[in-house]
J.: 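A single structure is presented below for examination.
Keep in mind the model is a prediction, meaning the values are calculated, not measured.
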Amino acid sequence: EGGQKLDAAELNVAIKATRAKLEAIAGEDLKLPEVRESVEDILEKFDENNDGFLDKREFQAFARTYFSRVEWPMWKTAAKGAAKGVGIHVFMQCVVAPIVALCSPLIIAFAHNEMKKITGEHLDTMKNEVAKKFHSINVFGKDEDGDGINDDVERIERKQKWQRRMKKARDAAAPAAVASAAACAGLM
């Protein structure tokens, strides 16, 4: 009908052409499933105005439903990505992790031996340099009482200690209050 609508015969040709085009896009190794419904059933299902034809909008609705696997190249890419991810995970678990497990004691022993080579005086000098750098950027905060613990940390610890004491007192006071009230009422 002037190229605007598809009757049953034209719809059959359009379905085959659309499927072939999408398969060409998807690649040779992927095949779209066959449309199993008859053309008449498709017309009945998607012909919204019941004129016996599928207009452009109705055909697009049909194509979206039956050929929604147009994104197969994307799925193919996702599948390859997933396969690579699984491969990397297996490699990490089966190759890298055992090597690290075997080498860790050797590396730790090497580090300990290197640390033993450093003289006590040199080690103290290195520690003092690192401490000066940290103190210069005020990482440790103020320590006015000189006990080596940041004053802010001490204040937080005192507050938490006070809160724990208050909780214990509340937990002990509630049963005591109930018991004394019961005793006053002559229930005990």
J.: Holding to salt bridge (Lys or Arg N to Asp or Glu O under 4.0 Å), I want the full list of residues that pass it with R164, two or more places apart in sequence or in another chain.
T.: none
J.: Between D41 and K45, is there a salt bridge with N-O shorter than 4.0 Å?
T.: no
J.: Which residues pass the side chain to side chain donor-acceptor pair (under 3.5 Å) test with D55, not counting sequence neighbours?
T.: none
J.: Indicate yes or no for a side-chain donor-acceptor contact from Q4 to the backbone of K56 under 3.5 Å, with no hydrogens or angles considered.
T.: no
J.: Is the number of heavy atoms from other residues, nucleotides or ligands within 6.0 Å of CD (E44) greater than 12?
T.: no
J.: Grab the two heavy atoms, one from A14 and one from L6, that are nearest each other, plus how far apart they are.
T.: CB-CD1, 3.9 Å
J.: Does D47 reach the side chain of F53, with side-chain heavy atoms less than 4.5 Å apart?
T.: no
J.: Let me confirm one number: the CG-CZ distance from L11 to F59, rounded to the nearest 0.5 Å.
T.: 6.5 Å
J.: Side chains of D51 and K5: does their closest heavy-atom pair fall under 4.5 Å?
T.: yes
J.: Kindly work out whether a path of hydrophobic side-chain contacts (I/L/V/M/F/W/Y, heavy atoms less than 4.5 Å apart) joins V95 to I88.
T.: yes
J.: Checking the side chain of E10 only, and the main-chain atoms of D7 only, is there a donor and an acceptor separated by less than 3.5 Å?
T.: yes
J.: Just verifying a value: how many Å separate E48 CD and L54 CG, rounded to the nearest 0.5 Å?
T.: 9.5 Å
J.: Measure the spacing between NZ of K161 and CD of E157 and express it to the nearest 0.5 Å.
T.: 9.5 Å
J.: For a 4.5 angstrom cut-off between non-hydrogen side-chain atoms, does T65 reach F46?
T.: yes
